[in-house]
Amino acid sequence: MNTTNLLGGMSPEQFLAEYWHKKPLLIRGALTDVGPHVDFSVLSELAQRDDAESRLIEYKKDKWHLERGPFRASRFRRLADTDWTLLVQGVNHHLPHIDDILWRFNFIPYARLDDLMISYAPPGGTVGPHFDAYDVFLLQVGGKKRWQISSQHDDDFIEDAPIRVLKDFRTEQEFVLEHGDMLYLPPHCAHYGVALEPGMTYSIGFRAPPAQELATQFLVYLQDRVCLDGVYADPDLTLQADPARIGDEMIGQVAGLLSQIRWDKDTVCDFLGHYLTEPKAHVFYDAPEEELDEDAFAEALAERGLELDRKSQILFCDVCVYCNGEKVDVSDGDFADWQHFGNRRRLKAGLYSADMMDALYDGYLSGYWHLSANVAE
């Protein structure tokens, strides 16, 4: 399926220019062929796993309740017939056909693409009216769901609720989504979805790190890479009337030492490469069950090619390549092949340089990528 069909006949260029980060868009029949539905039976099994982030949100006795997984199977047997929602993040990490859906949104840079979350709700199921700080596509799979949206900008939330629910939601537009319909929402567009029939919402979300998080993580990045010259010294120290005072001379000297900290575009690029490809804490990779030696791996690669693990991410900038939080040692002659690998998430069958083969073999042993079942083009 091409992107134009996914966007209801609109080109990616038009969508980016007119809607992305700007205004909502309803797309009828955007994607009806989603493969096997990830319904409650599938989702509840995932919610019992340690390597899946899951939440259960209930509204009962006029109060919101939030529980976090992993859950016991018995917990789901105690659910009411209405008014709850089960959500599982990163379902694309666990199911190949869901991963395929996520990467159809490749008209947005991979550096922004986050994951595909799936929620199941019986009639009345909702997470309340709220804002998200990121762009999201909401694809209805099975059943019907009523969505109400608003351009309001107030942030008056219900006190003491475990989730952020707007106190006063003022509906401006309303849609009922059926199977295959999709609603795009830009950041901070207030929305309120309520299941009318049992069904799933596939949420394709995009990363939008807060400035505070970026600053904090950048400082963490710098602490392992900063090397400053000099040492604090005060050979001309004079008697201070207030011994508890931090003197101006000390403040000035320390300010001078810290002024040596510098960064440029290359520093920021390197930080983003590590930060944006770093797997989440619950993500682990599986090494091959029967690993090939280097010669056998090279032969198999020449015949079959490679494909990235569903949990892996390759990003690049300038001539630097990053995978799963690590910088890959790449020679100039190999950059185009790594670029292809990141863009396509597949590496075609063939022969590669000795340096690249070493890196590919290490990644294969770590479970970052796997030999393709079919020949990769």
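Keep in mind that what you see is a predicted model, and the values were worked out from it rather than measured.
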Atom CZ of R28 with >12 non-hydrogen neighbours under 6.0 angstrom: yes
side-chain contact (heavy atoms from CB on, under 4.5 Å) involving Q14 - partner list, sequence neighbours excluded: M10, S11, E18
Aromatic contact, F71 with F76 (centres under 6.0 Å): yes
Any side-chain donor near an acceptor of the partner, S353 and D334, under 3.5 Å: yes
V321/F341 under side chain to side chain contact (heavy atoms under 4.5 Å, CB included): CA gap, chis, key distance, verdict: CA-CA 10 Å; V321 176; F341 200 5; over 6 Å; no
CZ/R164: more than 12 non-hydrogen atoms of other groups inside 6.0 Å: no
Spacing of CG belonging to D337 relative to CE belonging to M356, to within rounding of 0.5 Å: 4.5 Å
V176/L196 under side chain to side chain contact (heavy atoms under 4.5 Å, CB included): CA gap, chis, key distance, verdict: CA-CA 9 Å; V176 173; L196 304 179; 4.0 Å; yes
Steps toward ring pair (Phe, Tyr, Trp, His ring centres under 6.0 Å) verdict (W338, Y352): CA-CA 11 Å; W338 283 104; Y352 296 92; 9.0 Å; no
Pair H188 and H21, ring centroids less than 6.0 Å apart: no
Residues K280, D114: salt bridge by 4.0 Å N-O rule: yes
Atom CD of Q223 with >12 non-hydrogen neighbours under 6.0 angstrom: yes
Basic-acidic side-chain contact under 4.0 Å: R75, E67: yes
Trace of the side-chain hydrogen bond (donor to acceptor under 3.5 Å, both in side chains) decision for Q140 with D181: CA-CA 6 Å; Q140 185 66 22; D181 294 339; over 6 Å; no
L66 side, atom CG; T85 side, atom OG1 - distance, nearest 0.5 Å: 11.5 Å
Test item: Y202 side-chain N/O and V38 main-chain N/O as donor-acceptor pair under 3.5 Å: yes
N324 and S312 side chains, donor-acceptor separation under 3.5 Å: yes
Nearest-0.5 Å distance, CG of residue N343 to CD1 of residue I314: 10.0 Å
Note: R170-D168 ion pair, threshold 4.0 Å (strictly below): yes
Which residues share a ring pair (Phe, Tyr, Trp, His ring centres under 6.0 Å) with W64, sequence neighbours left out: Y59
Test ring pair (Phe, Tyr, Trp, His ring centres under 6.0 Å) applied to Y221 and Y275, step by step: CA-CA 9 Å; Y221 164 88; Y275 170 73; over 10 Å; no
Short side-chain donor-acceptor distance under 3.5 Å, D264 and T267: yes
Validation row: W147, L26 side chains within 4.5 angstrom (heavy atoms): no
Matching residue for F105 among F137, F15, Y110 - test: ring pair (Phe, Tyr, Trp, His ring centres under 6.0 Å): F137
Qualifying residue, where the test is salt bridge (Lys or Arg N to Asp or Glu O under 4.0 Å) with E307 and the options are R345, K348, R346: R346
From CA spacing to verdict: side chain to side chain contact (heavy atoms under 4.5 Å, CB included), S150, Y192: CA-CA 9 Å; S150 172; Y192 183 20; over 6 Å; no
Under 3.5 Å side-chain donor-acceptor pair for D362 and Y368: no
cation_pi(K23, Y19) dist<6.0 Å, angle<=45: yes
Atom CG of D160 with >12 non-hydrogen neighbours under 6.0 angstrom: no
Other residues, nucleotides, ligands: >12 heavy atoms within 6.0 Å of K22 NZ: yes
Closest heavy-atom pair and its distance - A195, P122: CB-O, 3.2 Å
From R55 atom CZ to M117 atom CE, the distance as rounded to the nearest 0.5 Å: 5.5 Å
Pair Y134 + F206: ring centers closer than 6.0 Å: no
Residue I261 excluded, over 12 heavy atoms near CD1 under 6.0 Å: yes
Within 6.0 Å of CG in L351, more than 12 heavy atoms from elsewhere: no
Short N-O contact, K167 and E159, less than 4.0 angstrom: yes
Pair H130-H191, side-chain donor/acceptor within less than 3.5 Å: yes
Minimal non-hydrogen separation, T126 against G193, with atom names: OG1-O, 2.7 Å
Derivation and outcome, side chain to side chain contact (heavy atoms under 4.5 Å, CB included), residues I149 and E172: CA-CA 6 Å; I149 62 176; E172 295 176 2; 5.8 Å; no
W103 side chain to D99 side chain, donor-acceptor N/O pair below 3.5 angstrom: yes
Verdict with supporting geometry, D39 and Y120, side-chain hydrogen bond (donor to acceptor under 3.5 Å, both in side chains): CA-CA 7 Å; D39 57 12; Y120 171 87; over 6 Å; no
Short side-chain donor-acceptor distance under 3.5 Å, Q152 and D154: yes
Centroid separation Y285 to W369 less than 6.0 Å: no
Donor-acceptor pair between S54 and Q89 side chains, under 3.5 angstrom: no
Non-hydrogen atoms of D229 and Q260 that approach each other most closely: O-NE2, 3.0 Å
Parallel, tilted or perpendicular: rings of F271 and F218 (30°, 60°): perpendicular
